[in-house]
Asks: 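So that we are looking at the same thing, I have put the structure below in structure tokens.
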Amino acid sequence: MTLLYTLSYPLTGPVEIFFLVLLIILVCPLLFRKIGIPQLIGLIIAGVIVGPYGFNILARDASFEIFGQVGILYIMFMAAVEIDMFHLKRNLPRGIGFGLITFAVPLVIGIFGSRLAFGASWSTCVLISTMYAAHTLISYPIVSRFGLQNTKPAVIAVCSTIVTVLLALLVLAGVVDAADAGGFRFIRFVNLLWLMIAYVSGMGIMLHFLTKYFFRKISDQVNQFIYVLAMVFLSSLMASVIGLEAILGAFYAGLILNRFIPERSGLMGRLKFVGNAIFIPYFLIGVGMLINVHVIFKSWNVGWVALNMVVLAMLAKWVSAFGAAKIFGLGVAGRKLMFGLTSGKAAATIAAALIGFQHGLLTEDMLNGAVLMILVSCIVSSISTQTAAKRLRMELTEEEFKKETETKPGDYARQLVAVANPVTAENLMKLALLMRHRRNNNPVTALFVRNSDDARRVQAGRNSLEIAVAAAQAVDIEVKDIERYDINVVSGVTNEAKQNRSTDIMIGLHRRSNIVDSFFGSMTEQLVNATNKMILISRCFTSVDTLARLLILVPDKAEYETGFQTWVERICNLASQLAAKAIFISHETTSSFIRNIIISEGYAIRHEYRNLHSWDDYIIHTNDIGDDDIFIIIGARKGSVSHSSELENLPSYLMKNHSDNNLILIYPEQFAGDKGT
């Protein structure tokens, strides 16, 4: 018997290539984790072993070129899309400052160090120094895995990456232009500056409005995923067209799309999964395949050049991180994290080395030394980042530690989402999930109550249940789906809420069936009277993900109700997840209580307060509500402290002035009962 299929090396068939790559992605992290080495290093080393300079099992063909480029763009995109915009704006000046420091220090050290070590021309020394100054967020996945992407050192390091890459690009362009034309041409920088301004403004406006329109019209998350990827590569392509690095375009796309992709959403889950499973590992393996460790043994000069580059590059980045940490008041863990994130080199360094070699500014030994520097910097970056991330995670404040480790599951919200309409079921479930505390592991109950055997209504209810369950499962939230037969909907909801000890009941706003029907409907009014638990009644005409502002109308003396802090926390969770601004329209005394809760609980959200002197003032404060906003009204049950005659007229107010707006009506827990957070 003869084999019909034989293997030849390097592998050329797509099946065996992809199988081997998947095997590496699967086995390497498991293997290297056991010996305490970051999985990023394992993937790079695997690339060295199987690559053309190792055992030549795989050639660095077009697939590695494509997936490698996609991987680095994906890292930059995810770095931008995962950052909370509140933290970004607060730390942006520090990020720019650190970017200037971590560019200038390596530039100076690199120029004079290379001049002394190699005796090269000033142009060559400047080019080598740009390789020291630029860095790649190759170890960012470690930060993301530890959930530290919004910590001060991580945000500062991410911001600094854009500064260093942009400045390195400008210096590199000037050096190459001077080498080719025999002198520096200032007009090229002026042209690039104007193109950058046009790119930032044009791409920003286009992506914002196009994404808002697309997400409103298309709710299918697979289509949304494809759209997001298309916009990332469009932004990267346009950046390349005007002479910028593609990674800058990917990062900018992430900033624009940030507010449309909440952290707790199915779309974010898909983006993280695909990046961590395929694109980023492919990129790391491809980096390893570029590295030829044999050149060290071919010439002492290569070893000397590589050693010089590694020492100067790492020293310069360490000095930069040390100085910036002192200036910004960061601890040891923060300093090490900044050093780890900014010491890795890949995309920009490879580009600079190849361009310098093509224009005769770098010798072959310098090119080989740069490649070896990339290997060492990736190893140092990964180890330093992982060590610092572990330490920083352990250095949480005592208050945060208690909240995250000592809070019992029963203290968190137990949510019940009642659905009946397939059109509104997904948005209802999304709102419930976005209002949850990030540490809440309690299951969500999705409920459909029927009191008849009407086939059409039953089928619609079951479809609603399936949609709600799918929305929860997309973000890995445990969900219990229940179809209940009861004498009426109110009895079904209240009985199920008692059985599950639910703290929050979310329902959709009923649709008026005739002219004499009330705005809320009799069922809503009966439910409010039947339970003292918090009830949230929602009506959204647009996708929840596209909301930009929350306008919250709060009645006088709302701070005296049992569930006051609970609904404030729910709204803060929603604002945080959506990166939306919370505008509280309330009496001055009530505003101070709300502000204290936000500060004491450490909610990093943008919040504003508009003073409510009388009930009629709310119309003035809400006349600018747009399609991207949601109007949240805090109600009160009859007999409660915050109830007033104005609330009796609330349905007519809403029907007259806000019939076309997104609404949430919240009846807080009142009188008595367990409090959920």
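One-based numbering along the sequence shown. A quick note: this is a predicted structure, and the numbers were derived from the prediction, not measured.
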Asks: Rounded to the nearest 0.5 Å, how far does CG of Leu229 lie from CZ of Phe279?
Replies: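 CG of Leu229 is found 6.0 Å from CZ of Phe279.
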Asks: Identify whether NZ of Lys or CZ of Arg in Arg595 sits under 6.0 Å from the centre of the six-membered ring of Tyr609 and within 45° of that ring's axis.
Replies: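 Yes, Arg595 sits over the ring of Tyr609.
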Asks: So does Arg438 pair up with Glu263, basic N to acidic O under 4.0 Å?
Replies: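 No, Arg438 and Glu263 are not salt-bridged.
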Asks: Does any N or O in the side chain of Glu669 come within less than 3.5 Å of the main-chain N or O of Thr503, such that one atom is a donor and the other an acceptor?
Replies: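 No: the side chain of Glu669 does not pair with the backbone of Thr503.
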Asks: Taking CZ in Arg145 as the centre, count heavy atoms belonging to other residues, nucleotides or ligands within less than 6.0 Å. Is the count above 12?
Replies: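 Yes, enclosed.
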Asks: Go through Asn276 and Tyr74 one step at a time and tell me if the side chain to side chain contact (heavy atoms under 4.5 Å, CB included) criterion holds.
Replies: CA-CA 9 Å; Asn276 294 330; Tyr74 217 89; over 6 Å; no
Asks: If we count only N and O atoms by modelled type, under 3.5 Å, do the side chains of Tyr140 and Thr161 hold a donor and an acceptor together?
Replies: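 Distance-only check fails for Tyr140 and Thr161.
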Asks: Quick one, Thr542 with Asp628, criterion side chain to side chain contact (heavy atoms under 4.5 Å, CB included). Give me CA distance, side-chain angles, the key distance, then yes/no.
Replies: CA-CA 8 Å; Thr542 61; Asp628 299 337; over 6 Å; no
Asks: Is any side-chain N of the basic residue among Asp504 and Lys533 closer than 4.0 Å to the acidic one's carboxylate O?
Replies: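 Salt bridge flag = no for Lys533 with Asp504.
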Asks: So, Gln670 versus Thr562: side-chain donor-acceptor pair below 3.5 Å or not?
Replies: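 No, because no side-chain N or O of Gln670 sits under 3.5 Å from a partner of the opposite role on Thr562.
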Asks: Answer whether the closest heavy-atom distance between the side chains of Ile585 and Val554 falls below 4.5 Å.
Replies: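 No, their side chains stay 4.5 Å or more apart.
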Asks: Any sub-3.5 Å donor-acceptor pair from Ser219's side-chain atoms to Phe215's backbone N or O?
Replies: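 Here the side-chain-to-backbone pair does not exist.
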Asks: How close do Ala420 and Pro422 get, heavy atom to heavy atom, and via which atoms?
Replies: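 Closest approach of Ala420 to Pro422: O-CD, 3.8 Å.
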Asks: For residues Val479 and Ala446, report the shortest heavy-atom separation together with the two atoms involved.
Replies: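 Looks like CG2-CB, 4.1 Å.
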Asks: Is Asp629 salt-bridged to Lys581, going by a charged N under 4.0 Å from an acidic O?
Replies: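 So Asp629 does not pair with Lys581 through a salt bridge.
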Asks: Can you tell me how far the CG atom of Leu578 sits from the CE atom of Met85, to the nearest 0.5 Å?
Replies: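 Rounded to the nearest 0.5 Å, the CG-CE separation comes to 14.0 Å.
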Asks: Set out, in order, the CA-CA distance, both residues' side-chain angles and the distance that settles salt bridge (Lys or Arg N to Asp or Glu O under 4.0 Å) for Arg259 and Asp84, then state yes or no.
Replies: CA-CA 9 Å; Arg259 63 170 291 258; Asp84 187 296; over 6 Å; no
Asks: List the atom of Glu82, the atom of Asn258, and the distance in Å for their closest heavy-atom pair.
Replies: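 So the two residues come closest at N-ND2, 4.3 Å.
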Asks: Say you draw a straight line from CD1 of Ile552 to CD1 of Ile633; how long is it, rounded to the nearest 0.5 Å?
Replies: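 With rounding to 0.5 Å, CD1 (Ile552) is 10.5 Å from CD1 (Ile633).
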Asks: Looking at every non-hydrogen atom in both residues, tell me the closest pair between Gly492 and Leu447 and how far apart they are.
Replies: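 Answer, listing the atom of Gly492 first, then Leu447: O-CD2, 4.1 Å.
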Asks: Do Lys557 and Thr590 touch side chain to side chain, with heavy atoms closer than 4.5 Å?
Replies: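 No; the side chains remain at least 4.5 Å from each other.
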Asks: Donor-acceptor check, side chain of Tyr199 to backbone of Ser235, threshold 3.5 angstrom: yes or no?
Replies: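 Such a contact is found between Tyr199 side chain and Ser235 backbone.
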Asks: Classify the side-chain pair Thr211/Tyr227 by whether it contains a donor and acceptor separated by less than 3.5 Å.
Replies: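 Present: a donor and an acceptor within the cut-off.
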Asks: If we count only N and O atoms by modelled type, under 3.5 Å, do the side chains of Asn500 and Glu496 hold a donor and an acceptor together?
Replies: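 Their side chains do contain a donor-acceptor pair, which is all the 3.5 Å distance test asks for.
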Asks: Do Asn463 and Gln459 get their side chains close enough for a donor-acceptor pair, meaning under 3.5 Å?
Replies: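 There is such a pair (donor and acceptor under 3.5 Å, judged by atom type) between the side chains of Asn463 and Gln459.
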Asks: Within this structure, what is the CG-CD1 distance for the pair Leu550 and Ile664, rounded to the nearest 0.5 Å?
Replies: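 Here the interatomic distance stands at 7.5 Å.
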Asks: Cut-off 3.5 Å, side chains only: do His658 and Asn661 have a donor facing an acceptor?
Replies: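 The criterion, which ignores hydrogens and geometry beyond distance, is satisfied for Asn661 and His658.
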Asks: Let me confirm one number: the CD-CG distance from Gln221 to Leu271, rounded to the nearest 0.5 Å.
Replies: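 With rounding to 0.5 Å, CD (Gln221) is 10.0 Å from CG (Leu271).
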Asks: When you measure from the side chain of Ser265 to the backbone of Met268, do you find a donor-acceptor pair of N or O atoms at a distance under 3.5 Å?
Replies: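 The answer is yes, because a donor-acceptor pair under 3.5 Å joins these two groups.
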Asks: Surrounding CZ of Phe541 (heavy atoms of other residues, nucleotides or ligands, distance under 6.0 Å), is the total greater than 12?
Replies: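 Counting other residues, nucleotides and ligands, CZ of Phe541 exceeds 12 neighbours.
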Asks: Establish, from distance only, whether the side-chain atoms of Arg94 and Asn91 form a donor-acceptor pair under 3.5 Å.
Replies: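 Per modelled atom types, Arg94 and Asn91 side chains form a pair under 3.5 Å.
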Asks: I'd like to know if the side chain of Ser640 reaches the main chain of Ala636, judged simply by a donor and an acceptor atom lying under 3.5 Å from each other, with no hydrogens or angles considered.
Replies: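 Not at all, since once roles are kept as given, no pair shorter than 3.5 Å links the two residues.
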Asks: Just wondering, do Val228 and Phe77 contact through their side chains at under 4.5 Å, heavy atoms?
Replies: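 With C-beta onward as the side chain, the pair touches.
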Asks: If only atom types and distance count, is the side chain of Asn440 paired as donor or acceptor with the main-chain N or O of Arg436 below 3.5 Å?
Replies: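 Judged by distance alone, no pair lies under 3.5 Å.
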Asks: Does the distance from a Lys or Arg side-chain N to an Asp or Glu carboxylate O, for Arg270 and Asp220, drop under 4.0 Å?
Replies: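 No, no charged N to carboxylate O under 4.0 Å.
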Asks: Distance check, rounded to the nearest 0.5 Å: Ser576 atom OG versus Met435 atom CE?
Replies: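 Between atom OG of Ser576 and atom CE of Met435 there are 13.0 Å.
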Asks: Going by the salt bridge (Lys or Arg N to Asp or Glu O under 4.0 Å) test, name the single residue among Lys212, Lys430, Arg216, Arg264 that passes it with Asp545.
Replies: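 Result: among Lys212, Lys430, Arg216, Arg264, Lys430 is the only option passing the salt bridge (Lys or Arg N to Asp or Glu O under 4.0 Å) with Asp545.
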Asks: Is there a side chain to side chain contact (heavy atoms under 4.5 Å, CB included) between Leu509 and Thr424 once you walk through the steps?
Replies: CA-CA 10 Å; Leu509 182 64; Thr424 61; over 6 Å; no
Asks: Ignoring hydrogens and angles, tell me if any N or O in the side chain of Ser160 forms a donor-acceptor pair with the backbone of Gly99 under 3.5 Å.
Replies: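 No.
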Asks: Please report the C-alpha distance between Leu527 and Tyr667 in whole Å, then the side-chain angles of each, then the deciding distance to 0.1 Å, and finally whether the side chain to side chain contact (heavy atoms under 4.5 Å, CB included) criterion is met.
Replies: CA-CA 11 Å; Leu527 182 61; Tyr667 281 93; over 6 Å; no
Asks: For Glu608, is there an ion pair with Arg610 - N to carboxylate O distance below 4.0 angstrom?
Replies: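 Between Glu608 and Arg610 there is a salt bridge, with a charged N closer than 4.0 Å to a carboxylate O.
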Asks: Can a donor-acceptor pair be found, under 3.5 Å and without considering hydrogens, that links the side chain of Asp481 to the backbone of Leu465?
Replies: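 No, the answer is negative, given that no donor and acceptor are paired below the 3.5 Å cut-off.
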Asks: For Ser144 and Gln149, does a side-chain donor sit closer than 3.5 Å to a side-chain acceptor?
Replies: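 There is no such pair between these side chains.
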Asks: State, yes or no, whether a side-chain contact exists between Leu166 and Met196 at a heavy-atom distance under 4.5 Å.
Replies: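 The answer is yes, as the side chains (C-beta and beyond) meet within the 4.5 Å cut-off.
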Asks: I'd like to know if the side chain of Asn150 reaches the main chain of Val155, judged simply by a donor and an acceptor atom lying under 3.5 Å from each other, with no hydrogens or angles considered.
Replies: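 No, because the side chain of Asn150 does not come within donor-acceptor range (under 3.5 Å) of the backbone of Val155.
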Asks: Is there side-chain contact between Val444 and Leu433, with at least one heavy-atom pair below 4.5 Å?
Replies: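 The answer is yes; the side chains approach within 4.5 Å.
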Asks: Would you say the side chain of Arg637 lies within less than 4.5 Å of the side chain of Val528, judging by non-hydrogen atoms?
Replies: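 Yes, their side chains come closer than 4.5 Å.
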Asks: Would you name the heavy atoms of Leu148 and Thr151 that are closest together and state the gap between them?
Replies: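 For Leu148 and Thr151, the tightest heavy-atom pair comes out as O-OG1, 2.7 Å.
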Asks: For a quick check under 3.5 Å, do Ser591 and Ser586 share a side-chain donor-acceptor pair by atom type?
Replies: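 Yes, a side-chain donor-acceptor pair sits under 3.5 Å.
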Asks: Taking the side chain as every heavy atom from C-beta outward, state whether Leu663 and Ser538 have any atom pair closer than 4.5 Å.
Replies: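 The answer is no; the side chains never approach within 4.5 Å.
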Asks: Consider only side-chain N and O atoms of Thr445 and Gln415, and report whether a donor and an acceptor are under 3.5 Å apart.
Replies: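 No.
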Asks: Has the side chain of Glu478 got a donor or acceptor atom that lies under 3.5 Å from a matching backbone atom of Asn441?
Replies: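 Absent.
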Asks: Which pair of non-hydrogen atoms, one from Ile218 and one from Gln224, has the smallest distance, and what is that distance?
Replies: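 Closest heavy-atom pair between Ile218 and Gln224: O-NE2, 2.9 Å.
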Asks: Taking C-beta and beyond as the side chain, do Val163 and Cys159 meet within less than 4.5 Å on heavy atoms?
Replies: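 The answer is no; the side chains never approach within 4.5 Å.
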Asks: Once you measure the plane-to-plane angle for Trp567 and Phe584, does it fall in the parallel (<30°), tilted (30-60°) or perpendicular (>60°) bin?
Replies: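 Trp567 vs Phe584 ring planes: tilted.
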